[in-house]
Amino acid sequence: MRTDAGRWVLVLLASTFFACESREDGQTTIVLTGSSTVAPLMTEIGRRYEEQHPGVRVDVQAGGSSRGVADARSGLAQIGMASRELTADEQDLVAYPIASDGVTVILHRDNPVKALTQEQLLEIYLGRARNWKAFGGPDSEITVVTKAEGRSTRELFLDYLGIESPEIHADVIIGHNEQGIQTVAGNPAAIGFVSIGTAAVDVERGVAIRLLPLDGIPATLEAVSSGTFPISRPLNLVVPRGRHGDFEDLIRFARSEQVHDLVRAQAFVPIQP
């Protein structure tokens, strides 16, 4: 029975992998999974790529950088998306940067607190400070919003604070950036941390949030581009070494000047050729 079960697992994995490259009526599907920061950008890039390649469909799914790495390794996706550098134990993969981004703290736009030091953020995220009065804000209990495990935004922010994941005190745990933004926008006492690019686009759309500076540096595209912002990161497409196949051209396209307008529209920094 174990042998038969093992065979069924292999068949299932193989069929899932080949489904990514299946051709029906001459169409090829390229599946990307991973970072919720990269996903909206790759959705737009994918649409433009499809316009230029009528026989190709680009299927973009979020789920976090850890999912992108795992799915690229297993073949559940042909391309993973990771909004961070690859780690030492991920060197079986190759990362192709398509843009760069930063991570910053957001508050509700009606919160009068204009800035928080690294020490003050530590007090909040360790649960030692529970009321905005401690920071010159209103007499209201702080709602701490954090990202779920496996999200690179969480890893980068905790690294900036110098604390480990179990130490964090959170009232709300969210998945992707938009969940965090909508949570803070709907709660004047909330604090969260998200992608600068995603948050900047939402501010332009009138969403009720405000981006805070870090270490006195404004959370702007210019600060990320110059490398002066404290939390900056590459937005990567990742694939196993030696495995590119029919989607090699999509990676080249996502790294080309043909999509720089799409990168800037998402408030990210384009890579230079």
Side chain [X], main chain [Y], donor-acceptor under 3.5 Å:
X: Gln120; Y: Thr117; answer: yes
X: Arg264; Y: Pro270; answer: no
X: Gln118; Y: Tyr160; answer: yes
X: Arg84; Y: Leu235; answer: no
X: Ser225; Y: Glu222; answer: no
X: Asn111; Y: Val113; answer: yes
X: Arg154; Y: Lys147; answer: yes
X: Asn131; Y: Ser140; answer: yes
X: Asp92; Y: Pro240; answer: no
X: Gln78; Y: Val31; answer: yes

Pairs satisfying salt bridge (charged side-chain N to carboxylate O under 4.0 Å, His left out), at least one member in residues 114-123, at least two apart =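 For residues 114-123, and leaving out neighbouring residues, the salt bridge (charged side-chain N to carboxylate O under 4.0 Å, His left out) pairs sorted by first residue read Glu123-Arg128.
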
Please determine, by modelled atom types, if Gln61 and Arg67 share a side-chain donor-acceptor pair under 3.5 angstrom.
-> yes

Are a donor atom and an acceptor atom from the side chains of Glu178 and Thr198 found within less than 3.5 Å of each other?
-> no

Distance-minimising heavy-atom pair for [X] and [Y]:
X: His176; Y: Ser36; answer: CB-CB, 3.2 Å
X: Tyr125; Y: Val145; answer: OH-O, 3.2 Å
X: Ala99; Y: Ile271; answer: N-CG2, 3.6 Å
X: Ile196; Y: Asp101; answer: N-OD1, 3.6 Å
X: Ser226; Y: Thr228; answer: OG-OG1, 2.9 Å
X: Ala199; Y: Ile106; answer: CB-CG2, 4.3 Å

Rounded to the nearest 0.5 Å, how far apart are [atom1] of [X] and [atom2] of [Y]?
X: Glu44; Y: Leu262; atom1: CD; atom2: CG; answer: 6.5 Å
X: Leu161; Y: Leu126; atom1: CG; atom2: CG; answer: 8.0 Å
X: Leu158; Y: Arg151; atom1: CG; atom2: CZ; answer: 14.5 Å
X: Glu155; Y: Glu149; atom1: CD; atom2: CD; answer: 8.0 Å
X: Leu107; Y: Ile142; atom1: CG; atom2: CD1; answer: 9.5 Å
X: Leu237; Y: Ile79; atom1: CG; atom2: CD1; answer: 6.0 Å

Using the test ring pair (Phe, Tyr, Trp, His ring centres under 6.0 Å), find all partners of Phe229 that sit at least two apart in sequence or belong to another chain.
-> none

Residues that His53 engages under ring pair (Phe, Tyr, Trp, His ring centres under 6.0 Å), provided they are two or more places apart | Tyr49

Partners of Gln91 by side chain to side chain contact (heavy atoms under 4.5 Å, CB included), sequence neighbours excluded?
-> Leu86, Arg241

Partners of Leu156 by side chain to side chain contact (heavy atoms under 4.5 Å, CB included), sequence neighbours excluded?
-> Val103, Ile231, Arg233

Could you check Ser66, Ser195, Ser65 and say which one makes a side-chain contact (heavy atoms from CB on, under 4.5 Å) with Ser35?
->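 Option passing the side-chain contact (heavy atoms from CB on, under 4.5 Å) with Ser35: Ser65.
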
Can you check side-chain hydrogen bond (donor to acceptor under 3.5 Å, both in side chains) on Ser83 and Asn236, steps first, answer last?
-> CA-CA 6 Å; Ser83 48; Asn236 290 320; over 6 Å; no

N/O donor-acceptor pairs under 3.5 Å from side chains in residues 183-194, not counting sequence neighbours:
residue: Thr183; atom: OG1; partner: Gln179; partner atom: O; Å: 2.7
residue: Asn187; atom: OD1; partner: Ala189; partner atom: N; Å: 2.9
residue: Asn187; atom: ND2; partner: Thr143; partner atom: OG1; Å: 3.2

Short N-O contact, Arg47 and Glu50, less than 4.0 angstrom |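 No, Arg47 and Glu50 are not salt-bridged.
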
Asp249 bridged to Arg252 by N-O distance under 4.0 Å =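 Salt bridge present between Asp249 and Arg252.
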
Audit row: Val144, Arg130, side chain to side chain contact (heavy atoms under 4.5 Å, CB included) steps and yes/no | CA-CA 9 Å; Val144 179; Arg130 296 297 299 159; 3.8 Å; yes

Between Asp59 and Leu32, is any pair of side-chain heavy atoms under 4.5 Å apart?
-> no

Kindly indicate whether the side chain of Lys133, heavy atoms from C-beta on, has any atom under 4.5 Å from the side chain of Pro138.
->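 A side-chain contact is absent here, since even the closest heavy-atom pair is not under 4.5 Å.
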
Full working for side chain to side chain contact (heavy atoms under 4.5 Å, CB included) between Ile124 and Phe135 | CA-CA 10 Å; Ile124 292 171; Phe135 309 107; 3.6 Å; yes

Carefully, step by step, assess Leu93 and Arg73 under the rule side chain to side chain contact (heavy atoms under 4.5 Å, CB included).
-> CA-CA 8 Å; Leu93 302 170; Arg73 275 174 163 165; 3.9 Å; yes

